Visitor: 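Let me give you the structure first, and then I'll get to my questions.
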Amino acid sequence: MNKKQLSESDICDKFIRPAMVAAGWNGMDQLYREFPLRAGRVVVRGQKAQRDKSTVLRADYALFYKANIPLAVLEAKDNHHAIGAGMGQAINYAELLDVPFAFTSNGDGFVFRDATLADGVLERNLTLDEFPSPQDLWDRYCAWKGWSDDVRRVAAFDYSPSKTPRYYQLNAINRTVEAIASGQNRALLVMATGTGKTYTAFQIIWRLWKSKTKKRILFLADRNILIDQTMVNDFRPFKGAMAKLSPNAKGVERVDAQGRVTVDDVDLAVNKSTKQVDKSYEIYLSLYQAVTGTEEERNIYKQFSPDFFDLIVVDECHRGSAAEDSAWREILTYFSSATQVGLTATPKETAEVSNTDYFGEPIYTYSLKQGIEDGFLAPYKVIRVDLDKDTFGWRPTAGMRDKHGNVIEDRIYTGADMNRQLVLEKRDEAVAAKITQYLKATDRNAKTIVFCEDIDHAARMRQALANANADLCASQPRYVVQITGDNAEGKAQLDNFIDPEKTYPVIATTSKLMSTGVDAQTCKLIVLDQNIKSMTLFKQIIGRGTRINEHHGKTWFTILDFKRATELFADKDFDGEPVQIYEPRGEDPVDPPVPPPADQPGDGPDSPGQGGGDHTGDGSGIIGDPPAEPPKKYVIGNNVTVAVARERVQYLDAHGKLVTESLRDYTRINLRKKFDSLDAFLQTWQQAERKAALIDELERQGVLLDALAEEVDKDLDPFDLLLHVAYDQPYLTRKERAKRVKQRNVFTEYGPVARKVLDALLDKYADEGITAIESTEVLKIQPFTSLGSPVELVRSFGGRQQFLGAIRTLERELYQDQSFRVS
């Protein structure tokens, strides 16, 4: 057998896989072909998005000791390559999977890279018969880690088979389990919102519990919805061993499409009559507040002995558990002998509060920026809207009174005062109008969260949005709802809001309640009308939109910012840039033209007049605890108008750099950079054997032709579109190009059937474009099938090569009739 004639896939099937199987690797749960690592970054232009296929990563083989315990990767090449040609890729994949072993092969043998240096050699060549066994690599791995037999047993314990973790989840789970098995009693995991912290926590608990390393476990969160979602979703395999710990706990309430409340069947650990705890469960889930609030609630956790729990997992640990004087820290101190694991997307590090001071340096970090780059999190664009009274300030006339008769303090009021000390009702209308304008221009059913200053503001904004969308709200009263802690009707709609299958509610106005822990997979618009200076709160709010749900068309989202909160993007602690920032001016549409390339929470009601986040006490407008005497709000009605001062949008280009040009300008700059002259572009276009391949390459570099055509507002051939935009050339329509080729009568050398095929191809080009006639399937559809079978039609040209030659001639004729000028 001549290996040079075999494809890479054939090499894998005939040589590489058999060699690994012969060495003892089980093909069912130890060898994974085309193992997915990165999903591919989502590129956004205007209202269109697509995955950049060039950023998708898959390892040819991932080798596992047991399911979800990775040990090595292997990169394969065909036999035209050297044995070690794929080592660069293999090292990259090994780093992502956090493993020390990497292999490459071309079918003749293997290059084995052992970063443990078990034999003192980093890389060596192996024959096909010398591939190491799973036990050999596992022994090397454990020796490298310095594990005892007991740690080895726990580290190799099986996962719950609920679903396959992503590579970074594998790393987080394995590192945490290994650290705890090795005796570490405090651990911190930092994972961006939307990357599966709760699922990661479940797998950590599962392995420690099943291996009997930890027998009694407490999972703490700070919102009822976090506990409820966890019990009925990720933690469902614990059913029977798991209970909800709260003196006033109910089942998990859900609201169906008809508004009926149902209660999921979950075990409750506290007897409602006697308030006694059932200690027969092994896994308890509780709110901090449910066991550290009133004296009755404090008695709940003190019914447990201090050494009752072996493991405590603290969700959203950037909250109260980070502060030494927090009531929430009390429960962690009481159970101080337990191993404690903190989970957060936004660790707090200030002079007064520190997660790392308590939990230690993070065992593993997976950032928002990395999640977007890998394609597991949604990128976003930002539309900044500056209102005139916020930007330039407003001063009352002498002795002016508000609508309630209060004399307004004489000073200049700016953006930091709006909805805190000054309420301009016309401002609410202006904000609601811009939100509605954006939704009308894009998708009126796009799930939207409007973050307001406080409950009072959220209530007014709900009304303003209902009026702005009266055409829908008249028949769909739940199109806009207020979801705040004091609003039972609104809170009852939260499940419907976050359910991808439920259309209503579409718009939710809130202040604090939805800033964290709300799994809104299809949220496409986040509106910021809240003073935010806390990076923790900012990241938490941004996290409400970062989840991807491709099944429901959610691959990116928009932030509509009325408070310049997105200036925090410039902060050194922010790790995820926007793909676009847009600041429209005056009456410009809020939907931009197609351009280029989280507070002291509680389960109880939000407090009117309070914001969320951290309060520094410096009067800078930072959201947090209110002053002792809440400031009086002056309310002004229709006698003070509010208008848009400016708007702007920015996108990240294909290389991750911010650009502010229009897509037309972006295309011009980048095409002229790629092709240093018009002649170079024309030559490349004419020489491209398949124009579709060149078009794909340009789109991978961020030139999205569909979006560009929308901006130019012309349905042109990509050739004409690019010439017109990048080189200021006059354009022809596809019909004009096809007609000119027919008039030249250039296909006289072909027989009557072949000429009919070419005429039909020109018509097809005129209707659908160049990629349609390059498709191998084109001869299988009308009108070609009426002329004969594909085989017969190809034969009319003299054979396949002659047919392909005729297509190339047709394309050359299509693009040659043009007089060019370079500006």
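Note that this is a predicted model, so its numbers are computed, not measured. The figures here come from the full heavy-atom set of this structure, side chains too, leaving out hydrogens, waters and symmetry mates.
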Visitor: For the atom pair CZ (Phe562) and CD (Gln530), what is the distance rounded to the nearest 0.5 Å?
Guide: 14.0 Å

Visitor: Would you say the side-chain atoms of Lys554 pair up with the backbone N or O of Gly545, donor to acceptor, closer than 3.5 Å?
Guide: yes

Visitor: Side chains of Asp374 and Leu96, heavy atoms from C-beta outward: is any pair under 4.5 Å?
Guide: no

Visitor: Report yes if the side chains of Ile526 and Ile542 come closer than 4.5 Å at any heavy-atom pair, otherwise no.
Guide: no

Visitor: Thr442 and Leu525: side chain to side chain contact (heavy atoms under 4.5 Å, CB included), yes or no, with the steps?
Guide: CA-CA 11 Å; Thr442 55; Leu525 178 63; over 6 Å; no

Visitor: Can you name the residues that form a side chain to side chain donor-acceptor pair (under 3.5 Å) with Thr558, not counting sequence neighbours?
Guide: Tyr438

Visitor: Compare every heavy atom of Ala378 with every heavy atom of Ile548, then report the nearest pair and how far apart it is.
Guide: CG1-N, 3.5 Å

Visitor: Taking C-beta and beyond as the side chain, do Phe451 and Thr510 meet within less than 4.5 Å on heavy atoms?
Guide: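 Touching, per the 4.5 Å side-chain cut-off.
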
Visitor: Assess the residue pair Trp394 and Val642 against the criterion (side chain to side chain contact (heavy atoms under 4.5 Å, CB included)); give the C-alpha distance rounded to whole Å, side-chain angles, the decisive distance to 0.1 Å, and a yes or no.
Guide: CA-CA 10 Å; Trp394 175 81; Val642 177; over 6 Å; no

Visitor: With the threshold set at 4.0 Å, does a side-chain nitrogen-carboxylate oxygen contact exist between Asp390 and Arg564?
Guide: no

Visitor: Determine the minimum heavy-atom distance between Ile483 and Val481, stating which atoms define it.
Guide: CG1-CG2, 3.7 Å

Visitor: Can Asp52 and Arg38 be counted as an ion pair, charged N to O under 4.0 angstrom?
Guide: no

Visitor: Among residues at least two apart in sequence or on other chains, which ones pass salt bridge (charged side-chain N to carboxylate O under 4.0 Å, His left out) with Lys389?
Guide: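 Once residues adjacent in sequence are excluded, Lys389 has no partner under the salt bridge (charged side-chain N to carboxylate O under 4.0 Å, His left out) criterion.
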
Visitor: Just wondering, do Leu285 and Thr230 contact through their side chains at under 4.5 Å, heavy atoms?
Guide: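 Yes, at least one pair of side-chain atoms sits under 4.5 Å.
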
Visitor: Of the non-hydrogen atoms in Ala49 and Thr555, which two are nearest, and what is the gap between them?
Guide: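 So the two residues come closest at CB-OG1, 3.7 Å.
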
Visitor: I'd like to know if the side chain of Gln340 and the backbone of Leu332 have a donor-acceptor N/O pair within less than 3.5 Å.
Guide: yes

Visitor: Could you work out, with side chain to side chain donor-acceptor pair (under 3.5 Å) as the rule, every residue matching Asn549, not counting sequence neighbours?
Guide: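 Asn549 satisfies side chain to side chain donor-acceptor pair (under 3.5 Å) with Gln521, His552 only.
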
Visitor: Would you check if the side chain of Asn469 reaches a backbone N or O of Leu465 as a donor-acceptor pair within less than 3.5 Å?
Guide: yes

Visitor: Roughly how far, to the nearest 0.5 Å, is the CZ atom of Arg544 from the SG atom of Cys523?
Guide: 9.5 Å

Visitor: Can you confirm whether the side chains of Gln437 and Lys434 place a donor and an acceptor under 3.5 Å from each other?
Guide: yes

Visitor: Between Asn496 and Arg478, do the side chains contain a donor N or O and an acceptor N or O under 3.5 Å apart?
Guide: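 Short answer, no.
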
Visitor: So Arg547 and Thr193, do their side chains get closer than 4.5 Å, heavy atoms only?
Guide: yes

Visitor: Identify the two heavy atoms, one from Pro379 and one from Ile372, that lie closest to each other, and give their separation to 0.1 Å.
Guide: CB-CG2, 4.0 Å

Visitor: Considering only heavy atoms from C-beta outward, does the side chain of Val385 approach that of Asp561 to under 4.5 Å?
Guide: no

Visitor: Please check: side-chain N/O of Thr448 versus main-chain N/O of Ile507, any donor-acceptor pairing under 3.5 Å?
Guide: no

Visitor: Could you tell me whether a side-chain N or O of Glu373 sits under 3.5 Å from a main-chain N or O of Thr55, the two making a donor and an acceptor?
Guide: no

Visitor: Taking the side chain as everything from C-beta on, heavy atoms only, tell me whether Glu489 gets closer than 4.5 Å to Gln493.
Guide: no

Visitor: Considering residues at least two apart in sequence or located in another chain, which fulfil the side chain to side chain donor-acceptor pair (under 3.5 Å) criterion with Glu550?
Guide: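 Side chain to side chain donor-acceptor pair (under 3.5 Å) check on Glu550 returns Arg51.
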
Visitor: Provide the closest heavy-atom pair for Gln370 versus Ser367 in the form atom of the first, atom of the second, distance.
Guide: N-OG, 3.1 Å

Visitor: Contact between Asn531 and Glu453 at the side-chain level, heavy atoms closer than 4.5 Å - yes or no?
Guide: yes

Visitor: To the nearest 0.5 angstrom, please state how far the NZ atom of Lys381 sits from the CD1 atom of Ile559.
Guide: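 Atom-to-atom, Lys381:NZ and Ile559:CD1 are 11.5 Å apart.
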
Visitor: Could you tell me whether the side chain of Lys447 and the main chain of Phe497 form a donor-acceptor pair under 3.5 Å?
Guide: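 Checking the backbone N and O of Phe497 against the side chain of Lys447, a donor-acceptor pair under 3.5 Å is found.
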
Visitor: Step by step, would you call Thr198 with Phe235 a side chain to side chain contact (heavy atoms under 4.5 Å, CB included)?
Guide: CA-CA 9 Å; Thr198 309; Phe235 279 36; 4.2 Å; yes

Visitor: At what distance, to the nearest 0.5 angstrom, does CG of Asp98 lie from CZ of Arg175?
Guide: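 If we round to the nearest 0.5 Å, Asp98:CG and Arg175:CZ are 4.0 Å apart.
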
Visitor: List the atom pairs, donor and acceptor, that lie under 3.5 Å between side-chain atoms in residues 411-419 and the rest of the protein, sequence neighbours left out.
Guide:
unit_1, atom_1, unit_2, atom_2, d
Arg411, NH1, Asp417, OD2, 3.3
Arg411, NH2, Asp417, OD1, 3.1
Arg411, NH2, Gln421, OE1, 2.5
Tyr413, OH, Glu409, O, 2.8
Asp417, OD2, Thr414, N, 2.9
Asn419, OD1, Arg460, NH2, 2.3
Asn419, ND2, His457, NE2, 3.3

Visitor: Please determine if Asp454 and Lys633 form a salt bridge, counting it only when a charged side-chain N lies under 4.0 Å from a carboxylate O.
Guide: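 Looking at Lys633 together with Asp454, the answer is yes, because their closest N to O distance falls below 4.0 Å.
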
Visitor: Looking at Met461 and Cys452, what are the two nearest heavy atoms and their distance?
Guide: CB-SG, 3.9 Å

Visitor: Can you tell me how far apart OG1 (Thr200) and CD1 (Ile173) are? Round to the nearest 0.5 Å.
Guide: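 Separation between the atoms: 5.0 Å.
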
Visitor: Once rounded to the nearest 0.5 Å, what's the spacing between atom NZ of Lys197 and atom CE of Met191?
Guide: 7.5 Å

Visitor: Ignoring hydrogens and geometry, is there a side-chain-to-backbone donor-acceptor pair from Gln169 to Arg166 under 3.5 Å?
Guide: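 Side chain of Gln169 to backbone of Arg166, a donor-acceptor pair under 3.5 Å: yes, one is there.
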
Visitor: For Lys563 and Asp529, what are the C-alpha separation, side-chain angles and deciding distance, and is it a side chain to side chain contact (heavy atoms under 4.5 Å, CB included)?
Guide: CA-CA 6 Å; Lys563 302 295 271 188; Asp529 198 19; 3.5 Å; yes

Visitor: Just jot down the ring-ring contact (aromatic ring centres under 6.0 Å, His included) partners of Tyr168, sequence neighbours excluded, or say none.
Guide: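 Tyr366, Phe376.
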
